[in-house]
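Scroll down for the structure; my scribbles are underneath it.
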Amino acid sequence: MSYLTKIIGTKIEEVNEMNAIDVVRTEPIRLLDLMRDGFHVIAEIKRASPSKGLIREEVDVAERARAYEAAGATMISVLTDATYFKGSFHDLKTVADAVEIPVLCKDFIIDERQLDRAKAAGASAALLIVAALHPSRLATLTTYARTIGLDVLVEVHDEAELEIALRLENVLIGINNRNLKTFEVTLDTSIELMQRYLDVTFVSESGVDRKEAAERLHAAGARAILVGEALMREEDPTSLIKELTACSLKYVE
Ligand SMILES: O=C(O)c1ccccc1NCC(=O)[C@H](O)[C@H](O)COP(=O)(O)O
């Protein structure tokens with residue numbers, strides 16, 4: 001059984017336990033507009049992961065989120081899965097209450113009730129993973145997310161998934177460099193796909209540890225990078241965020 005299948009099994013159990021909740025609907029932000037120009041860092045709150053185990057379990061997430069914002073992150077991603085990442089919707093709410101910049105709910109979303117919880121916790125956007133959803137369900141959840149005021153980052157791993165994501169209109173697409181079967185991470189996953197789809201606005205996710213990686217991705221066309229582990233391993237993430245965001249200045253000259 002693949003790891004993703006295992007995670008989705010857990011999510012089905014979790015979702016079955018969730019009550020419906022009421023959410024206040026708003027207009028969604030437009031992630032695509034936010035990321036279309038320049039070069040952006042989406043900084044992640046990631047306490048643990050299936051591939052690395054504990055990264056920084058005990059963390060003041062409000063303080064860290066404020067540090068990310070002050071250092072120049074455009075958006076904060078919060079892992080809300082408890083079983084595999086030790087995250088929570090409580091973390092999401094704490095972060096959303098602490099910062100002005102948009103907050104992304106990063107989870108394995110398969111149901112409207114998870115989107116409701118993300119919205120209620122203060123998220124501006126949610127991740128939908130093509131590999132985890134039937135294309136028609138992906139479209140339904142994308143529409144539902146926008147209806148309640150969440151924009152969507154659609155995650156792909158290869159060209160076949162990208163073709164499915166491109167059927168959705170006006171979505172920001174993230175290419176995850178982590179192979180969900182082997183956990184192997186290679187920036188070439190993003191670089192090769194981006195070079196074949198020059199008109200698409202892409203976020204490159206996973207495996208960015210320092211400025212050289214960010215520079216490679218920016219040079220290959222990425223408009224944003226999503227960085228988790230490398231930032232969480234820093235006692236103070238300020239200089240790494242500044243280093244990563246500075247990549248854009250280099251290419252403007
Ligand atoms: O990080 C993992 O081990 C992982 C395993 C299985 C599914 C998803 C996983 N990570 C979620 C993410 O996409 C990353 O947290 C995110 O892209 C940041 O990656 P990194 O900078 O490499 O921590």
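Indexing begins at 1, ligand by ligand and atom by atom, following the structure's order.
- Salt-bridge annotation for Glu169 and Arg146: absent, with no side-chain N of the basic residue lying under 4.0 Å from a carboxylate O of the acidic one.
- Within ligand 1, the atoms closer than 4.0 Å to a non-hydrogen atom of Ser51 are 1 (O), 2 (C), 3 (O), numbered from 1 in the order shown.
- Taking a cutoff of 4.0 Å between a charged side-chain nitrogen and a carboxylate oxygen, Arg36 and Asp33 qualify as a salt bridge.
- Among all protein heavy atoms, the one lying closest to atom 13 (O) of ligand 1 is Lys106 NZ, 2.5 Å.
- For the 3.5 Å distance criterion, the side chains of Tyr3 and Asn179 fail to qualify, holding no donor opposite an acceptor.
- Shown in contact with Glu229 at under 4.0 Å from a heavy atom are these atoms of ligand 1, numbered in order with element: 20 (P), 21 (O), 23 (O).
- Exactly one of Glu44, Lys46, Lys106 qualifies for a side-chain hydrogen bond (donor to acceptor under 3.5 Å, both in side chains) with Ser77. That residue is Glu44.
- With hydrogens and angles left out, the side-chain atoms of Asn176 and Thr189 include no donor and acceptor closer than 3.5 Å.
- A salt bridge does not link Asp209 to Arg233: none of the charged side-chain nitrogens sits closer than 4.0 Å to a carboxylate oxygen.
- Heavy-atom contacts of Leu180 reach the following atoms of ligand 1: 6 (C), 7 (C), 8 (C) (cutoff under 4.0 Å).
- Here is the list of ligand 1 atoms found below 4.0 Å of a heavy atom in Leu226: 16 (C), 17 (O), 18 (C).
- Here is the list of ligand 1 atoms found below 4.0 Å of a heavy atom in Val227: 21 (O).
- Listed by number with element, the atoms of ligand 1 under 4.0 angstrom from any heavy atom of Phe183 are 5 (C), 6 (C).
- For ligand 1 and Gly207, the ligand atoms under 4.0 Å from any heavy atom of the residue are 20 (P), 21 (O), 22 (O).
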